[in-house]
Protein chains: 2
Amino acid sequence: MNQTYTISDLAREFDVTPRTIRYYEAEGLISPSRDGQRRIYTARDRARLSLVLRGKRLGFSLAEAKEIIDLYSAPQGEAFQLRTLLDKLDAKRALLEDKRRDLDAAISNMDRYAERCRERLRDLEDVNAEAAE
Amino acid sequence: MNQTYTISDLAREFDVTPRTIRYYEAEGLISPSRDGQRRIYTARDRARLSLVLRGKRLGFSLAEAKEIIDLYSAPQGEAFQLRTLLDKLDAKRALLEDKRRDLDAAISNMDRYAERCRERLRDLEDVNAEAAE
DNA sequence: TCACTAGTTTACGTTAACGTAAACGTCAAA
DNA sequence: TTTGACGTTTACGTTAACGTAAACTAGTGA
């Protein structure tokens, strides 16, 4: 439950360098605690790192990733805070949906093209079969 | 049908600078023809630019975008070429599917979190309603 | 003819996101 | 006790993807 990780634990698991993880800390994306001078990462730190890397894979800058991830750590004391949080979540969700539209278009585009290639390949093979008779 | 575009036509339409479009040409992503020294962009050039920008939005580097886009202009003469093309398309398609999994996870993650926020907000408002009686 | 608008090349500048190297601390095994 | 293995800070280096500025060309309306 209260498992912790060293910097190289996380570096290995997520296939990044320790430098990268320290850089994310300098940019305010992760805030590990310390044992003396050594960093100690909790499950929460690990989860945040995971979110950062996923954000990067989806084409977000570190600043954009931070904006999104920070929403998950936002205070939720009063109703007003909750409502503005929900508004912000909605805005970020719209960005993700935009990406999904792009992605779906890219995939179906590629699928249509591949299908045309397969048709053309069948035609070619038919011709070869005839020639072999 | 045979419509052409100037560099600033495309810059306006896709909300990038002419510099960006020239840079993509220098990187081999677009190859407009020329009228004297001025660039002339065809519908095909426009389509390639559109693909580049979509690739960027999805987190691909220009080099990765080029790899994908170039598949759409690959020669399809012989059956062997078509088969290797289909293999490459399949590999790129897998990359897109990876991104879709990431994206779907990000969205449903956010949805679950937002739902918890809404529940919490309802609870708060119930308490306020009781206190108002 | 002149000014304007839009295009061009060339080249140096900039920013995000790290890489890399140096110099140092610390702890366990040999 | 020394030698790795791992961690740290500091600081300069690097790359992709453009931005920016200068100096030039070519059509075009007043």
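Convention: sequence-line order gives letters A, B, ...; per-chain numbering from 1.
Residues of residues 18-30 of chain A that place a heavy atom closer than 4.0 Å to DNA chain C, in numerical order, are A/R19, A/T20, A/Y23, A/Y24.
Residues passing the salt bridge (Lys or Arg N to Asp or Glu O under 4.0 Å) test with B/D102, sequence neighbours excluded: A/R57. With sequence neighbours left out, the salt bridge (Lys or Arg N to Asp or Glu O under 4.0 Å) criterion links A/E97 to A/R93, A/R100. With sequence neighbours excluded, no residue forms a salt bridge (Lys or Arg N to Asp or Glu O under 4.0 Å) with A/R22. Considering only residues two or more places apart in sequence or on other chains, B/E67 meets the salt bridge (Lys or Arg N to Asp or Glu O under 4.0 Å) condition with B/K92.
Checking B/F14, B/Y24, B/F60 one by one against B/V52, the side-chain contact (heavy atoms from CB on, under 4.5 Å) holds for a single residue, B/Y24.
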Footprint string (nucleotides 22-27 of chain D, 5' to 3'): B base within contact, S backbone only, - free, heavy atoms under 4.0 Å: ------
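For the residue pair A/D9/A/T6, the side-chain donor-acceptor check at 3.5 Å is satisfied. Under the 3.5 Å distance criterion, with hydrogens and angles disregarded, a donor-acceptor pair is assigned to the side chains of B/D45 and B/T42.
For the pair B/D9 CG and C/dT5 P, the interatomic distance rounds to 17 Å; values are reported in whole Å. In this structure, CG of A/D15 is placed 11 Å from P of C/dG19, rounded to the nearest angstrom. Atom-to-atom, OH of A/Y41 to P of D/dC6 comes out at 16 Å; the value is rounded to the nearest Å. A/L10 places its CG atom 15 Å from the C1' atom of D/dC6, with the value rounded to the nearest Å. Between B/L49 atom CG and D/dA17 atom P there is a gap of 15 Å when expressed in whole angstrom units. In this structure, A/F60 places its CZ atom 18 Å from P of C/dA16, rounding to the nearest Å. Whole-Å rounding puts the B/R12 CZ to C/dA6 P distance at 8 Å. Summarising the geometry, the separation between CZ on A/R34 and C1' on C/dG25 is reported as 14 Å, rounded to the nearest angstrom.
Side-chain N/O atoms of A/T6 include none lying less than 4.0 angstrom from OP1 or OP2 on D/dC6. Taking only side-chain nitrogens and oxygens, A/R39 comes nearer than 4.0 Å to OP1 or OP2 of D/dT8. At least one side-chain nitrogen or oxygen of A/T17 sits closer than 4.0 Å to the OP1 or OP2 atom of C/dG19. Taking only side-chain nitrogens and oxygens, A/K56 never comes nearer than 4.0 Å to OP1 or OP2 of C/dA16.
Between B/R116 and B/R120, every side-chain heavy-atom pair lies at or beyond the 4.5 Å cut-off.
Comparing C/dA6, D/dA17, C/dT8 by their nearest atom to the side chain of B/S8 picks out C/dA6.
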Full working for side-chain hydrogen bond (donor to acceptor under 3.5 Å, both in side chains) between A/S73 and A/D70: CA-CA 5 Å; A/S73 327; A/D70 281 347; 5.0 Å; no
